[in-house]
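Notes for the one structure printed next.
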Amino acid sequence: MLKSKSKTVLLATSVTMLAAGLIIFPQESFEASTGGLNMWWKIVFPSLLPFLIFSELLISFGVVRFIGVMLEPFMRPLFRVPGVGGFVWAMGLASGFPAGAKFTVRLRQEEQLTRIEAERLVCFTNSSNPLFLFVAVAVGFFHNPHLGIILALSHYLGNFCVGIIMRFYRRKEEKTDLKSITKLPSLRQAFNQMHRTRIKETRPFGSLLGDAVLSSIQTLLMIGGFIILFSVVNKLLFHMNITGMLASIVSGILHIFNFPESLSPPFISGMFEMTLGSKLTSAVENASLFQQTVMTSFILAFNGFSIQAQVASILASTDIRFLPFFLARIAHGFLASIITVLLWVPFYSGNKDSGNPVHAFPVSATGEQASSLYQHMIDFGPFLTLMFLVLYIIIFAKRLFKGLS
């Protein structure tokens, strides 16, 4: 009872303080809100929407079931999840946060995953997409395309290690015998499973496509709300000196690892919003590139409370628990940082204060192409967003009037 009352007081006090901050700092709050909206309007919505829509269609037509049968001998022994987890893993890597959670929930609703399998899967299938790592962070923030290789390797290898660790999560509660999964995948069996799944889908294609668009846009509207909310919260915490207070605590921990105290404010900001935290970390002048990269790897792996809140909201529609995901993010942060330290010498000179790459990787051309794609997204993203929002309103209004008639 006391714990419940303490939680009530804490939540009420926190919300009241933030509401007061909105009144005291209206201009700063508006600027932060606009910045979050621009990020969603120009980049997040147009980059995630196609993945979400086509993934819904792939699940409905049984293609994911086909992939699941083919990947079962790989995913089950390695991660203790069904083969369909390979589809979620690949789509989460390609499209970025929080697609892995969205697809995991969809498969849980389809009963293709048990509760424990879904909790394992969601822990290692949410990651930054390569475009964000190579272009936004490496090129945009650090102006160093070679840095994207280390950031990507540490990020994805860290997530892979999290998946390996999570295979031991609640394994005694399962009845699956891994020794029985020794046969090679059968194309006939995979096709039969795909066919059965398609036959069970009774909705016509038009209705199915409309549902895919509605579901995807509703998810993206929720994501946009969280991006704007945490952009404002981050700004308010800074102006209310709460970020500085928390940074003073973190600075003591950073001192143990011989990291400058000036990295503590970006670290606190990154705990709430990873994009802002990564940008602020890259701007710290008295920190070496090695220290900035290690800190950025942790921030990117932790995801920030903004993305974690998005995942929690998506998981809330099922029986999947959020706590394993949160603990996995902490583990991913430390693993990504450790991997960054291990990869620094092979990829850069032995001097950790140097930013000169040892090997000339052919990433400059790729970086230029990715930068061009990123610029096209910024230029045409708002038009695509507006077009699909209008389509969403038309489909929603049509179904609403049909239901009333």
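Numbers here simply count residues along the sequence, with the first being 1.
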**Item:** Flag side-chain contact, heavy atom, 4.5 Å: P130 against L93
**Value:** yes
**Request:** Could you please spell out the steps behind the side-chain contact (heavy atoms from CB on, under 4.5 Å) verdict for S60 and R198?
**Result:** CA-CA 7 Å; S60 300; R198 189 193 68 81; over 6 Å; no
**Asked** So F396 and Y392, would you call those rings parallel, tilted or perpendicular, with 30° and 60° as cut-offs?
**Response** parallel
**Item:** Pairwise side-chain contact, F87 with S55, heavy-atom cut-off 4.5 Å (strictly under)
**Value:** yes
**Fill in**
When every non-hydrogen atom of M166 is compared with those of E119, the smallest separation belongs to CE-O, 4.2 Å
**Item:** Validation row: M274, S128 side chains within 4.5 angstrom (heavy atoms)
**Value:** yes
**Message:** Tell me if the CE atom of M245 is crowded by more than 12 foreign heavy atoms within 6.0 Å.
**Reply:** no
**Complete:** Paired with F124, the ring-ring contact (aromatic ring centres under 6.0 Å, His included) test is passed by just one of F79, Y169, F160, namely F79
Donor-acceptor list for residues 28-35 side chains, cut-off 3.5 Å, not counting sequence neighbours:
| unit_1 | atom_1 | unit_2 | atom_2 | d |
| --- | --- | --- | --- | --- |
| S29 | OG | F25 | O | 2.7 |
| E31 | OE2 | Q27 | NE2 | 3.1 |
| T34 | OG1 | F30 | O | 2.8 |

**Option from L208, L391, L52 for which side chain to side chain contact (heavy atoms under 4.5 Å, CB included) with V213 holds** = L391
**Message:** I'd like to know if E117 and R76 make a salt bridge, using a cut-off of under 4.0 Å between side-chain N and carboxylate O.
**Reply:** yes
**Prompt:** Between F97 and F132, does the ring centroid distance fall short of 6.0 Å?
**Reply:** no
**Asked** For R80, does its backbone N or O pair with a side-chain atom of R120 as donor and acceptor, under 3.5 Å?
**Response** yes
**Item:** Partners meeting ring pair (Phe, Tyr, Trp, His ring centres under 6.0 Å) with F272 (sequence neighbours left out)
**Value:** F305
**Other residues, nucleotides, ligands: >12 heavy atoms within 6.0 Å of H255 NE2** = no
**Request:** Heavy atoms only: give me the nearest N258-Q291 pair and the separation to one decimal.
**Result:** O-NE2, 3.1 Å
**Item:** CZ/F54: more than 12 non-hydrogen atoms of other groups inside 6.0 Å
**Value:** no
**Request:** Take F326 and F302, measure what side-chain contact (heavy atoms from CB on, under 4.5 Å) needs, and give me the verdict at the end.
**Result:** CA-CA 9 Å; F326 176 74; F302 184 72; 4.1 Å; yes
**Asked** Would you find a donor on one side and an acceptor on the other, under 3.5 Å apart, between the side chain of W40 and the backbone of L221?
**Response** no
**Request:** Might you point out which heavy atoms bring G158 and L335 nearest each other, and give the distance in Å?
**Result:** O-CD1, 3.9 Å
**Message:** I'd like to know whether CZ of F238 has more than 12 heavy-atom contacts from other residues, nucleotides or ligands below 6.0 angstrom.
**Reply:** no
**Message:** I'd like to know whether the aromatic ring centres of F298 and F334 sit less than 6.0 Å apart in this structure.
**Reply:** yes
**Asked** Below 4.5 Å, heavy atoms only, C-beta onward: do T275 and F141 meet side chain to side chain?
**Response** yes
**Message:** With a 3.5 Å distance limit and no angle check, can you tell me whether Q292 reaches the backbone of T281 through a side-chain donor-acceptor pair?
**Reply:** yes
**Request:** Indicate yes or no: at least one non-hydrogen side-chain atom of P82 is less than 4.5 angstrom from one of Q112.
**Result:** no
**Asked** Looking at G148 and A138, what are the two nearest heavy atoms and their distance?
**Response** N-CB, 3.4 Å
**Asked** Hey, does N126 have a side-chain heavy atom less than 4.5 Å from the side chain of F325?
**Response** yes
**Request:** Supply the atom-to-atom distance L254 CG to I249 CD1, rounded to the nearest 0.5 angstrom.
**Result:** 12.0 Å
**Asked** Side-chain donor-acceptor pair under 3.5 Å between S215 and K102, yes or no?
**Response** yes
**Request:** Mind running side chain to side chain donor-acceptor pair (under 3.5 Å) on T340 and S297 for me, showing each step along the way?
**Result:** CA-CA 7 Å; T340 301; S297 292; 2.8 Å; yes
**Asked** Among R329, Q310, H332, which one satisfies side-chain hydrogen bond (donor to acceptor under 3.5 Å, both in side chains) with N303?
**Response** R329
**Shortest non-hydrogen contact from L18 toward L236** = O-CD1, 3.6 Å
**Asked** Does the side chain of F322 reach to within under 4.5 Å of the side chain of I314, using non-hydrogen atoms?
**Response** no
**Item:** Minimum heavy-atom distance between I53 and S216, given as atom pair plus value
**Value:** N-OG, 3.4 Å
**Asked** Is any side-chain heavy atom of L78 less than 4.5 Å from a side-chain heavy atom of R167?
**Response** no
**Message:** Could you go through V139 and N144, starting from their C-alpha distance and side-chain angles, then the distance that decides it, and tell me whether this counts as side-chain contact (heavy atoms from CB on, under 4.5 Å)?
**Reply:** CA-CA 5 Å; V139 176; N144 186 346; over 6 Å; no
**Message:** Evaluate D211 against E56 for side-chain contact (heavy atoms from CB on, under 4.5 Å), listing each step before the verdict.
**Reply:** CA-CA 9 Å; D211 289 342; E56 290 282 343; over 6 Å; no
